[in-house]
Amino acid sequence: MRKNVKYIFVTGGVSSSLGKGIISASLAKLLQGRGFSVTIQKLDPYINIDPGTLNPYEHGECYVTDDGAETDLDLGHYERFSNTPTSQANNVTTGRIYQNVISKERKGEYLGTTVQVVPHITDEIKRSVQILGQTNKYDFVITEIGGTVGDIESFPFIETVRQMKWEMGNDCAVIHLTLVPFLRAAGELKTKPTQHSVKTMLEQGVQPDIIVCRTEHPLNEGIKRKIAQFCNVSPTSVIESIDAETIYDVPLLMREEKLDIEILKVTNTPIPEELDLRNWERFVHRLKNPIGDVNIGLIGKYVELKDAYKSINEALVHGGTENEYKVNIISIQSEKIDASNVGTKLEGLDGILVAPGFGGRGIEGKIKAIKYARENKIPFLGICLGMQCAAIEFSRNVLGLKDAHTTEIDKETPDPVINLMEEQKKVTNLGGSMRLGLYDCHIENDTLTFQEYQKQDIKERHRHRYEFNNDYRSIFVENGMRIAGINPDEDLVEIIELEDHPWFIGVQFHPEYKSTVKEPHPLFTGFVKAAILHKSASTTTK
Ligand code: GLN
């Protein structure tokens, strides 16, 4: 039984997008390197119950956990850095907090009292944080608070931090992440925004213990001292977080700045001597010293958004690093691909990845790209809608079912190769018909997929409604599309692969969610390897 779980809060000031998620994940990595077990949680102050209903323009990618929670993309960073699975408990929004409180109120659990922000909402927030500590699995619970201090919607969260700090003393600490801008005209770094941001925290009763300063230029001792003096912390607790070449540098930079040691000091935790980051260092070394590069086309409808395919981007980085190659991700807007330009748009690609998605926008472009990959024997990975498009493309262009489609887009198609399951049709009417989270998949042993996984029974995460229609299974197989993996419980097609092709795999699940620095996903490693082989074959034939 762990007696003193330590709770670390990470708040942000001055500006959004400073990288609280990466700082939280980096701190977790350092603490793990010292032998502690850590979990990271995100509290999001918006009113949606979860980000599942938010479109990528609003909130970037929706990350899915083993237990099927649709969560903030920062949880992806947490898992990729810490290699520890997260769950629904790791992402809580204001909407969920209020929903819980209101349902307790309806059940009469507040015994007739007036239900208020303080104490009822703040107690519920506290419960959501401490529930992770009470699992007895962790020495540290790191809780990142979304948004920026001073936002109206952050108030109950900051108030909860105040209460927890007051109740728990040294078992609770606050890291405040701010921006120290460089004013070119003055030729100086400016500390005033940080001072104001800490004042805003103080107005709400919270004294940060550590201040992490995002900056484009190194902070000299004078600046650190000034921030320390105005913000009531020791100069060693002012940590520089300089812009990094890659997010994977940040744990190493934070080690230099001794963020872990400061946290251990502030929380009165004995400091273990050893900090083992050897695997991480090896990864970063390989990432920065590739022996070559390959071009992988990412075909999707949100490619212009930086964070819309975050986990896919990072899984490609992991797969590339595993092969000691740099992956150049070439984003291609699927809506812009048509029969006349597909050859020029996809020219020079060593691999083609067709992204997941919902709805019909850009789907014909995805199908054209897949036809090109199939016919030109370019390594292809189709994920979720990408796999469904591969089935549609094969039906139309190989099986001659020219109007084949998914019923998500064409309800009247004569050949619904992708369809809703009967049970799902009933569920749809009730809402909540999505297949989410981890499901079993059994892989046939003489397949390319098996070669990549080197095992037959896997579990992968899902986020979709529609399925491969089993009525078309035999005609696919007879014509060269193998069913390489199925879900044994419901006999659902999970993986398809083309026989007469060097590397062509479509998966109904999302392998990208499970790729981490420590364990790059075998499908991404295999896909990048196939792209490297394709590149070397095409350069020798030239
Ligand atoms: N829209 C498809 C479905 O619901 C695919 C979803 C996805 O790509 N995540 O089945």
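Treat the numbers as computed from the prediction; the structure is a model and nothing was measured. As the structure lists them, so they are numbered: ligands from 1, and atoms in each ligand from 1.
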Legend entry - Contact with ligand 1 for M434, non-hydrogen, under 4.0 angstrom: no
Inset, instruction - Please verify whether a non-hydrogen atom of R435 lies at under 4.0 Å from ligand 1. - result: no
Inset, instruction - Please confirm whether the backbone N or O of T407 pairs with a side-chain atom of K411, one donor and one acceptor, at under 3.5 Å? - result: yes
Inset, instruction - Return yes if some donor-acceptor pair links the side-chain N/O of E408 with the main-chain N/O of G359 below 3.5 Å, else return no. - result: yes
Legend entry - Residue, atom name and distance, where the atom is the protein heavy atom closest to atom 10 (O) of ligand 1: Y466 N, 2.8 Å
Inset, instruction - Provide, to 0.1 Å, the distance between atom 1 (N) of ligand 1 and the closest protein heavy atom, together with that atom's residue and name. - result: E408 OE1, 2.7 Å
Inset, instruction - Give a yes or no on this: more than 12 heavy atoms of other residues, nucleotides or ligands lie within 6.0 Å of atom NZ of K336. - result: no
Inset, instruction - Decide whether T449 and E497 meet the rule of one side-chain donor and one side-chain acceptor closer than 3.5 Å. - result: yes
Inset, instruction - Would you kindly say whether H510 and R461 are connected by a side-chain donor-acceptor distance under 3.5 Å? - result: no
Could you tell me which atoms of ligand 1, counted from 1 in the order shown, lie closer than 4.0 angstrom to a heavy atom of [X]?
X: H464; value: 3 (C), 4 (O), 6 (C), 10 (O)
X: C384; value: 5 (C), 6 (C), 7 (C), 8 (O), 9 (N)
X: R465; value: 3 (C), 4 (O), 10 (O)
X: H510; value: 9 (N)

Does [X] reach ligand 1 with a nitrogen or oxygen that is under 3.5 Å from one of the ligand's nitrogen or oxygen atoms?
X: R463; answer: yes
X: G359; answer: no
X: G357; answer: yes

Inset, instruction - Report the relative orientation of the aromatic rings in Y46 and H59; use parallel for angles under 30°, tilted for 30 to 60°, perpendicular for over 60°. - result: perpendicular
Inset, instruction - For the residue pair H501 and F504, categorise the inter-ring angle as parallel (less than 30°), tilted (30 to 60°) or perpendicular (more than 60°). - result: perpendicular
Inset, instruction - Give a yes/no verdict on a cation-pi contact between R465 and F358, requiring under 6.0 Å between NZ or CZ and the six-membered ring centre and an angle within 45° of the axis. - result: no
